[in-house]
Amino acid sequence: MKKETVQLDKVYKPNEIEDRLYLKWMSNSYFRGDENSEKEAYTIVIPPPNVTGMLTMGHVLNNTMQDILIRKARMEGKEALWVPGTDHASIATETKVVNMLAEKGIDKDSLSREEFLGHAWEWKNKYGGIIINQLQKLGCSCDWERERFTMDEGYHNAVLEAFVHLYNKGLIYRGHRLVNWCPASKSAISDEEVKHREVKGKLWYFKYPVLDTDEFVIVATTRPETMLGDTAVAINPKDLRYKKLIGKKIELPLTDRIIPIILDDYVDPEFGTGCVKVTPAHDPNDYEMGKKHNLEFINIMNDDASLNDNVPEEYRGLDREVARQKVLHDLEQLNLIEKIEDYTNKVGYSERGGVPIEYYMSEQWFLKMKELAQPAIKAVNDGTINFHPGHWVKTFNHWMDNVTDWCLSRQLWWGHRIPVYTCQDCNEIIVQSQEPAKCLKCGSVKLKQDPDVLDTWASSWLWPFAVFTWPKKSKELEKFYPTDTLITGPDIIFFWVARMIMAGYEFLGQPPFKDVYFTSILRDDKGRKFSKSLGNSPDPFDLFARYGTDAVRFGIMLMAPQGLDVLFSNERLEVGRNFMNKLWNAARFVTMNLTDEKYQEIDFKDVDLELPEKWIMNRLQTTIEEINQRLDKFHFNEAAKVIYEFVWSDYCDWYIEVAKTRFIEQKAELANTARAVAVHVLKKTLALLHPFAPFITEELWGYFKDQEDKDLIISHWPKVEPKFGDKQSVEQMNMLKDVISAIRTIRSSMNVSPASTADMIINHEGKNLSVLQRYERIIRTLCNIDEISYEKNIAKPDQAAVAVVRDMEIFIPLGGLVDLQVEKKRFLKRHGELSNIVKNVQAKLNNQDFLERAPENVVQKEKLKLDDLVKELAKITSNLEMLK
RNA sequence: GGGCGCUUAGCUCAGCUGGUCAGAGCGCUGCCCUUACAAGGCAGAGGCCACAAGUUCAAGUCUUGUAGCGCCCACCA
């Protein structure tokens, strides 16, 4: 046993212990999840951060929560496995690599696919490990031997197998369609990757000449340059104003095209002029109308959103913005602009590229979603999968009920290349995960693989099982799938969560997880979302260095309520730091007082404990219970609060203060019992706090653990011991605390120096006498009281300050120090409060309905309350009388 | 246009299943360097729980409206 007197530093210095402990955990393989274990499994798969990403405060929040769940499960004796890894993040990484190359003066277009991928892998190998190291700094107890990357060999195979499976099932098809196009990355993107922003712009009204007349049709647009691709003008068939236009044609300005006027109910006669220019190749609505009316589809853009050869020569090659100005200028010259209005509309932006998207006709691969969605919808709505907080179910349902086909292909190089091969000789299409040697139909070896790669999410949606051996069956997969809990941000509920659920059912027939916890969104103290462009996102490592990792973890847990945004500020981390320091010093105090080793022989569980010990043990049981309840519901902030208050308010403010009187007690047995209890409670506290603050708790554990104790990380999670559930001790201790506080209040309000002692008289009614007498010493020490005498039915002595505590009066003779005005003020305030409450309770008890309908125990409680209150009020009143 | 959420002390926010829930931290006031901790201790001031109806014996706590704020989704040129 380690009982030599150890002196802890006065101030907790987190940075000296963290790395050492992490290495110790690692070298003992404590993080390992063993698929051969008999223990019940508890599994989490990490939401894989982008491989080239850096740790953000969002990651800190998210991964601390996962670590809490994993560490708790491990301590509860489960086979805990947290699978870590990173995501190749196709478009995001490719963008970064392109930028990196550009800085070096290398143009992506000048490279071959292989050359580019060489650079990309180099980049990945250089930066891919950073975030992994950062997660380790945070203390994450992931099984690093199982680290996966969404493009490593086995995973790549899983992605291709999934594609082939879905293709063979007829769910994947190729189509020439209007898709969201990101001109920056020159790729299609999915609907979910488009973010709409309000943009202040203009609404331009153009005059289109009606063929063979002198008349004009007025159409409005926010995108003047698209007029070069117009192939019709539409009006509502019910719009009588334009009856005469039916059957007429338009001379499209700036071009030599004659375009028809069509009728369609889509047009809202109330909006604008009631006439709409139709650009089928560049607008989703116009696309639909184009198909319906068999219009011409004229693609007027290149893949970078400059204008192509389908427009008149003078516009070719111009960027869309430049083209817009030129179109406006040219129309102006022709006097074809009717008017210009200010207009605010929502413009779709590419999430990654950061530029307005185009709607662009192109050949893409799509996945039919309706069918896949069904089992997922069912699971989330029947409680097979539970969302926390539950209101996200509605968001999920809304999307799922309206789910559209998923555009899977991306015109990028970094990613999983689509496993579709076309025979150059006979046009046979071959879809398989292994590259075919020759055409299955004609035997030709001239096969060409589809150049596109898959959307990142088409690989990460397999994450919960592809991190194991899927599609191969194995013990691991069996043991650890389905996983238990997913913790992620609500911003990727569609991108990832919904799709993982679909994939889980489609490929394994089982849900990928049982609970999904959606974290808060972190904002700065002004309420702005953390973002790179604003530069308002703090660097977690600065914070770790400044406050200690445990403090950051604990602080952020404390401030992260369920389902709401959280305003983050460094100040709030100070709470965490202060708490760690408090804990450190409590432990320090205890070690300093372990002077008599005999305490180790005391089995306090068998002796009849004294009140303060009974009380703190009772509080410990309640605390264990509450932490369990809160964590079961994923209320991390409340669990943190519970442990915080127990440590600070119960253990430090009261028990340790009481224990001080014990340690200097003459009777060694009493002191040693107190030592034993102090150590016991502290050890349980360390265990309860370990998931939140793993470093400091493991470190302190080292000072208190017995020989048979394992390291804290694999020690037992505290169990509630009903033996210590003595409720009476709480009642009695609260009385004692009230007496002590009342005396302190008197001393403080009368400006009695803390250094000077005073005497006191307790005027009691017998009820609390034995407890008071027995623990007199505690009162004397904590209040600096010299003599205490106990009386019944005595009047207030002269020149004494008075406090009323329950059915007792406490008199403290202070001679000239008593300030009657202060005394009076205090009593008046209390009198006011009490009479209000008494009035309310009396009214309640006089209410016939209340007596009849409220449950018996509630009525009883009110009666008892009234009794106590009336007694207190009477004493206050009589004291006030005397002060007159 | 639809959906969701928020409105509780000066500030930032907790309050699970309706009956000691009116709370915490920071800030503020006073006193203390009391031999674990000044990143601390003790004591104190401060709120008709956004507003209005309703349900109930009982409502920050449930229902419905109103007003502000925020977010998500949606093709209005």
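Numbered from 1 within each chain, the chains take letters A, B, ... in sequence-line order. All figures in this text were calculated on a predicted structure; none of them were measured in a lab.
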Please classify the nucleic acid contact of [X] as base, sugar-phosphate, or nothing, using heavy-atom distances under 4.0 Å.
X	value
A/Val276	base
A/Arg546	nothing
A/Val590	nothing
A/Gln848	nothing
A/Phe579	nothing

Tell me, please, whether [Y] has [X] positioned over its six-membered ring: NZ or CZ under 6.0 Å from the ring centre and within 45 degrees of its axis?
X	Y	answer
A/Arg577	A/Tyr547	no
A/Lys202	A/Tyr343	no
A/Lys660	A/Phe589	yes

Short side-chain N/O contact to [N] OP1/OP2 from [X], under 4.0 Å:
X	N	value
A/Ser741	B/rC42	no
A/Lys641	B/rC13	no
A/Lys394	B/rC72	no
A/Asn345	B/rA77	yes
A/Asn578	B/rG40	yes
A/Lys10	B/rA36	no
A/Tyr343	B/rA77	yes
A/Lys195	B/rC72	no

Which nucleotide, if any, forms a Watson-Crick or G-U wobble pair with B/rC51, using both distances under 3.5 Å? B/rG65
Partner nucleotide of B/rC16 by Watson-Crick or wobble geometry (both distances under 3.5 Å): none
Donor-acceptor pair under 3.5 Å, A/Glu862 side chain vs B/rA58 base: no
Atom-pair distance ([atom1] on [X]; [atom2] on [N]), nearest Å:
X	N	atom1	atom2	result
A/His196	B/rC73	NE2	P	8 Å
A/Leu864	B/rU20	CG	C1'	13 Å
A/Arg523	B/rC72	CZ	C1'	12 Å
A/Lys633	B/rG15	NZ	C1'	12 Å
A/Arg197	B/rC73	CZ	C1'	17 Å
A/Leu203	B/rA77	CG	C1'	7 Å
A/Trp648	B/rG41	CH2	C1'	11 Å
A/Phe646	B/rA24	CZ	P	19 Å

Quick check, are the ring centers of A/His388 and A/Phe634 under 6.0 angstrom apart? yes
Have a look at B/rG60 and give me syn or anti from its glycosidic angle (syn if within 90° of zero). syn
Selected nucleotide, minimal atom distance to A/Thr745 side chain, candidates B/rG44, B/rA77, B/rA36: B/rG44
